[in-house]
Every structure is written in structure tokens, then in C-alpha cells.
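What follows is a single structure, written as C-alpha cells, with notes after it.
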2 protein chains.
Amino acid sequence: MPAVKRGGKGPVTIDDVAASAGVSIKTVSRVLNHEPNVREATRARVRQAVEQLNYRPNPSARSLAGNRADIIGLAYDNPSDSYITNVLHGALGACQEFDYSLLLNPCDYRDPCLPQQITQLIENRRLAGLILTPPVSDVAELLRVLDQLEITYVSIAPIDRERPGLYVVMNDRAGARDMTLHLIELGHRRIGFVKGHPDHGASHHRFQGYCDALRQSGIAITDELVVQGMFSFESGLECGERLLCLTTRPTAVFASNDDMAAGILHLAHQRGIRVPEELSIVGYDDTPLSRVVWPSLTTLRQPIQEMARAAVEQLVAILRPNHAGLKAHAPHETLRYELVVRQSACPPPAGARRPPRDDA
Amino acid sequence: MPAVKRGGKGPVTIDDVAASAGVSIKTVSRVLNHEPNVREATRARVRQAVEQLNYRPNPSARSLAGNRADIIGLAYDNPSDSYITNVLHGALGACQEFDYSLLLNPCDYRDPCLPQQITQLIENRRLAGLILTPPVSDVAELLRVLDQLEITYVSIAPIDRERPGLYVVMNDRAGARDMTLHLIELGHRRIGFVKGHPDHGASHHRFQGYCDALRQSGIAITDELVVQGMFSFESGLECGERLLCLTTRPTAVFASNDDMAAGILHLAHQRGIRVPEELSIVGYDDTPLSRVVWPSLTTLRQPIQEMARAAVEQLVAILRPNHAGLKAHAPHETLRYELVVRQSACPPPAGARRPPRDDA
DNA sequence: CTTATTGATGACAGCGCTGTCAAATAAATC
DNA sequence: GATTTATTTGACAGCGCTGTCATCAATAAG
């Protein structure tokens, strides 16, 4: 049976429920908050009344009376639309589940006032916790202030994985290594690498992974093959310029994100270089873009939604330590990636030093 | 001077401000809410105290005491990441300005329970108003329920522009017409059109605009040149298939959004059809994608952020009729578009019936 | 100067809920 | 059965603010 309408006096309050269940409002409150020391029979009666009246507690009253915060902030400096959307949906889902609201806070990570702004935000909106996405998750001064404020926060994919505090990461280094190995398996030896924005933690780790792969395959790391990008399409264009003008062009380029890979691809088209026949290009992130460009990009999928969800869970585990159904979380969580092989990489043309292994 | 810390007793309350300014809390409240009947001198004194103590009213207390809602809901069924991000940022900015919170509600516009869900949301979270993005803005049953609920809502880009109620639109029809005319000016006569998802209002209007342009240029509308897409990249692929297999291929294709244009472009590449030399392709929306594919897409920029902002303003104009600094809004608002000419369209190869006008 | 009228201010209740603490009841102990 | 102890329940204050209404000062009218 749907909601029973009472005499048109606005929303159902806790008093109505209490009256209907024949208990005091305090008892209703207890049931609602999963507090102990309520007899099972009473609990059931209350729950039924809640159901029947379609009662929902007033969040304002709750947070006022309980002096508790039920808003989680999400501070981000838009790295890309799809990244944000994914983080958003992951976080939103988890927040709903745990009965938190999510407050978005777009910001500029280079703004020297950022720590101050965030502090304001936390105080003004009485945030319970905060989620930081890269590159905000790497603003040292902000982290310092946050620590000092003693607010609970989780960083998503921070550079520094040694510092205490909550974070959720993906193994970027291993991912980049695997991607590079994929290229090497295809037979490439001369593999260009486009580094990401130096302020983004992932850039570091991805470059390391690239080095790891070359090293373990006995390939020298050549300076001219490594260029500094900024994670943007335009920077991909520029880096492509440098890489493709080399006297001996690389046979493959690993751009450390899809936007830059798209830039290089774009440039290759302009130059009439056929991809992947003459040049393999791979990206990283598996953004929607990577399926859409031609040829579609071989890339690496990051579980962004899952990371955001895990971030919320980390937070909730701290904020409501005895929350039902939430296991003890390690303060750090590492999620899995997945290599997505599409069409932008193939074995190198003629001059490849060594053919791909065919022991498979 | 930065915030003055008081004796560590938690956040600053209205009482502190009242004491500091030497007035009653009610007067402070008046100033805060821009109510009349406060002497200018008093007002200034209060404002100074607020400033000095860095006081921010507690939103929970406010909405509880004032029995007022200060949350605006945003119901969307993700048409695309960039669309959402833009709507989000536009709405977020305006909400901040007017002191509202924005509550995101991703949903499935085909879910028959949608009206019910939204109703729940409105009641549970005590929403002040609601913003609907396409295609949610066209779910008839939902609109009916909303009207009945007497909640204030704005539709962004709804199909039906005759029905009463608030909405913000762009002139899709004129935009599509202009785009088609652009192609015609380039010399194209045989122009393919890829319709958008039939449930999205824009699809209709854009097709109308295409027809308008052909008609006014004295070109017949050919059935085989008009194919039904779904606004997705994949559907672009399929539609491209149909269009490019025609015995007489169109010299240009107007896809009614960028994703589909990218699909056709992708396919053209696969088929070895050179774009734009052999085939011009234009899109619609100016998504980030359109700059990134090769060749970059000639497209049409929609002021999505501005539309979202306008939507919030519409809402606020109704919700707080005497809000300072907000002019009376017409219940409908139409924003401007902009043709973005990039590289994916040029004059047709040889057989174009008429060369482009060169009276310019 | 008195009285009506308006403008400026404050006292106080109460929004719907939770925290505290006391009361009532049930269970365990002697 | 009486007493102690644990469990369950409720009365009540109060979170920080706004709405109502009374008060008081300032100005206009008689």
C-alpha cells in the first residue's frame, strides 16, 4: 500500500510515526539510527509505522540536532569530462548507499588560496569528509592544512603513497609497464613515450612503468624518445611534432593518456603517416575518446568509478566506524586495471630488430 | 584581517555575531536575509561583525527554522560526459551565487518508475526546485506528475515549447538550418542527414532545420539521404554504412551530433574515403571530441553552461521572487548558438552542380 | 502637545530531530 | 521474594536559526 496521506499538514514527522507506533519519538529515533537497546518487537512496530506513513527523516533537523555532518565534499580540478563523470557516479552511488550527500567543489589546483578556500568550504558546509582527485590530491600545502584541520579525507591516485592517511590508487606503474611490454611483444624496440603533466601523480608512475618494461627487456632508455606532455590534446600535438621529426622515428608511441595519444594520432594523420601500419600509438585511461578516434586506441582501462566508490567507503569506514555492512578497510586500496587492445597498435613495419615472439 | 578565533567552542553562531555587533540575533538574521527595516548604520555594523568573525549561517538550522528548501535537484540521464559536465558547471555556478545546493540525480528516463522516484526525491530531500535535462525533460508522465505536485521545475531543451512552465532552449532548428546552409554555400547539393535519438527533443528540431535549409535553397529532400541515428558513436557507424553505400554517395553528411559525426568519420577512414576532400562531415554540439578527431569537426556550439545557468536563474526568480539583483525572467529563454568551422567540411569534389558563390 | 502612523528592534517560541539522563521494566543474583 | 544489575523506554532540553508579534523610537498628523 502506498503512502497514507494524513490531514494535509505537510510532511510526515517523527511525532506521527511515534504516535502511530505507540512509542516515544526517541524510540523511533533509535530505530532509525540503528541504535542498540530496542526490543525487536518494538523495532518492527516502528519500522512498520515508518513504512506505512512513508516517513523520511528531515536531514536538516538531523544534522542540526545531532551536530553531525552528512556531506562529503569532492574537490576536483577537472582533468577531463569523462574522468569527472566517472568519479562523480562512483562517489554518488556510494554516498547514496551510506546516506551521505555529495557536494561538488570544482577548483583550481594552482590557486595559492586553495587551502583556504577548502577550509572555508569545510567549515561553512560542515563537511564530514573530503575526497580529493588528482591533481588536487597532490597539492602539498592543502594536504598539510587538511591534516592540521583533522578532517577525514581520501586522496584518489596521489603521487606519494608513503604518507599516512587514506587513499585509493591504481597500480599505474605496473599498468604502464604492461602497456609497454605489449608494444615490445608486438616487436617494437624504438618506443616513444609522452610524459603526462608533471603535477599529476600518475605521470611519474607511468613513466617509471615505461622504464621498467624497457629495462627488463634489455632495451636502452633513449632521451630523445621521451618527451614532456601536459595530458592535453594540444600537448599531444606538440610532442608528436618532436617525436615524429626525429631522424629515426619511433615505431610506436606510448602517450600516457588518451588525449595526448589522440593528439599524436591527429598529427600523424596530418603528416600522412599511416597508423598503425607505420606508427603504433597507444594511450592510457580508456576514455570514450579512445573508441571514437580512428583507428581506435589501444589503451588501459582504469576503474575510476570503483576507485571513487572505494574512496567513499574508506571515508565512511572512518566516519561511522561501526556502520553495519562495512568491513574494516585498509587505509589504502589498490584497484585493478585492464589492458584494452584495439586497433592503433600492430607490429612495426619492416625494420623492427626482432620479430614478435611466436612461442604462443 | 583573517578570521578571529574565539575560545575554541566550535563554529561561530549567530549569537556571537549579535553580541559582537551589539544587536539582537533577529536583527542579524534580518541583515543576512536582506530583509527591509534595518537602519543602514545597523546593517553595516552587523555586516562588519559577520566579516570579522567570519561567520557563516548554518544551512541546516536555516532550512529547519525557515521551513525553506534550498536544494535544487538536477535530474539527468547522461547524454554524454561533456554535456553533463557543462550542465553541471553552469548550474553549480549559479547555485553558488544564489546560495542553493545542487543535488545530482542520475536517472533512467525509460524507467516507468521515474515519476515515482523523482517524487520520492523531492519529498525526501525537500527540494526547492528541479532542473530537467533532455531526454528527461520530455518524459510526459513525469511532467504531468511534477505539475500536479506543484513543484517548480525548469526543462532544458524540451521538445514541446508550447506547454506552460519554465524552460530554457536554444534555437536548434535555426542552428541546424545554418549548418545546412553552410554546407550548401560550400557547394554541396547532396547532403546526407543523420537524425538523432527520437526521444530527444533536439532531434526533431534539428531535422526541421535541415529541411528548412534545403527547401529555402530549392533542393529536394531525398528520403534515402535521411537516416535515423541514436546520438551514439555506434549509431553513427551504422548510419554511415547506409549513407556511404548509396549508389550516388552524398558529398556531405550532417550528423545531428558530434558523436555520430565521429562515427561516420571513423567509418570513412576505414573505407579509405578522404575527409573532407571526398566527403564533408559536420556535427553538432561542439563536444571536446570534435576538436580531437581528425580532421577536426565543423560543428555548432551550444551554450550549455549558459543554459544551465539560465535554468537556475529561472528557478530562483520563481522561488525567491524578490531576490535582489535578479531581473524578472521571462518563463522561457532562448540562447544563442555559434557555428564553429573547422576542417571536416570543404567544397565538394568535382561533380558539384554549382560552385560556391564567390560574391564575398 | 497629544495621538496616530510608520519604521526599527527585540523577546520568544518552535522547526524536527538527537543527546543526556532519569525512569520503568525485565533479567539475574542471592 | 527481595535485591542488584542489565535492558528498554521516555521526558526534556536544545542544536542555530527564522517567524510572529510585541515593543519602542521616530516621524506625521491633528
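Just so we're on the same page: letters track the sequence lines, and every chain starts at 1.
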- Message: Given the structure, check if the side chain of B/Arg68 and the base of D/dG19 hold any donor-acceptor pair shorter than 3.5 Å.
- Response: no

- Query: With no hydrogens and no angle check, do the side chains of A/Asn33 and A/Arg62 hold a donor and an acceptor under 3.5 Å apart?
  - Reply: yes

- Task: Would you please say whether a donor-acceptor pair under 3.5 Å links the side chains of A/Arg144 and A/Gln148?
- Result: yes

- How many Å lie between NZ on A/Lys26 and P on D/dG14, as a whole number? 16 Å

- Task: Among the candidates D/dC15, D/dC17, C/dG10, find the nucleotide nearest to the side-chain atoms of B/Pro57.
- Result: D/dC17

- Query: Among the nucleotides D/dG16, C/dG10, C/dG16, which one has an atom lying closest to any side-chain atom of B/Val23?
  - Reply: C/dG10

- Query: For C/dA8, does OP1 or OP2 lie under 4.0 Å from any side-chain N or O of B/Asn37?
  - Reply: yes

- Note on the structure: From CD of B/Glu35 across to P of D/dC17 the rounded distance in Å is 14 Å

- First of A/Asn33 and B/Arg45 reached from the 5' end of DNA chain C, by closest nucleotide: B/Arg45

- Would you say D/dC17 has OP1 or OP2 under 4.0 Å from some side-chain N or O of B/Ser29? no

- Message: Under 4.0 Å, heavy atoms only, any strand: does B/Thr42 hit a base, just the sugar-phosphate, or nothing?
- Response: sugar-phosphate

- Message: Please report the distance, rounded to the nearest Å, between NE2 in A/His34 and C1' in C/dT18.
- Response: 16 Å

- Does the side chain of B/Asn67 get closer than 4.0 angstrom to OP1 or OP2 of D/dT18 through an N or O atom? no

- Which whole-number value in Å describes the distance from A/Arg62 CZ to D/dC17 C1'? 20 Å

- Select base, sugar-phosphate, or nothing to describe what B/Leu32 touches, counting heavy atoms under 4.0 Å on all strands. nothing

- Query: Would you say the side-chain atoms of B/Asp16 pair up with the backbone N or O of B/Thr13, donor to acceptor, closer than 3.5 Å?
  - Reply: yes

- Item | Distance in angstrom units between A/Arg320 CZ and C/dT18 P, rounded | 11 Å

- Query: How is B/Pro36 classified with respect to the nucleic acid when contacts are heavy atoms under 4.0 Å: base, sugar-phosphate, or nothing?
  - Reply: nothing

- Note on the structure: Whole-Å distance, A/Arg126 CZ to D/dG16 P, equals 8 Å

- Starting at CG of A/Asp15 and ending at P of C/dC17, how long is that distance when rounded to a whole Å? 7 Å

- Taking OP1 and OP2 of C/dG10, is either one under 4.0 Å from a side-chain nitrogen or oxygen of B/Thr27? yes

- Does a side chain donor of either B/Asp147 or B/Tyr153 reach within less than 3.5 Å of an acceptor in the other side chain? yes

- Message: Regarding B/Ser60 and A/Ser63, do their side chains bring together a donor and an acceptor under 3.5 Å, going by distance alone?
- Response: yes

- Report the residue (B/Arg39 or B/Ala65) whose heavy-atom-nearest nucleotide on DNA chain D is the more 5′ of the two. B/Ala65

- Message: Expressed as a whole number of angstroms, how long is the span from B/Leu53:CG to D/dG16:C1'?
- Response: 15 Å

- Look at the side chain of A/Arg45 and the backbone N and O of A/Ala21, then say whether any donor-acceptor pair between them is shorter than 3.5 Å. yes

- Task: Confirm from the modelled atom types if A/Arg30 and D/dG10 form a donor-acceptor pair under 3.5 Å, side chain to base only.
- Result: yes

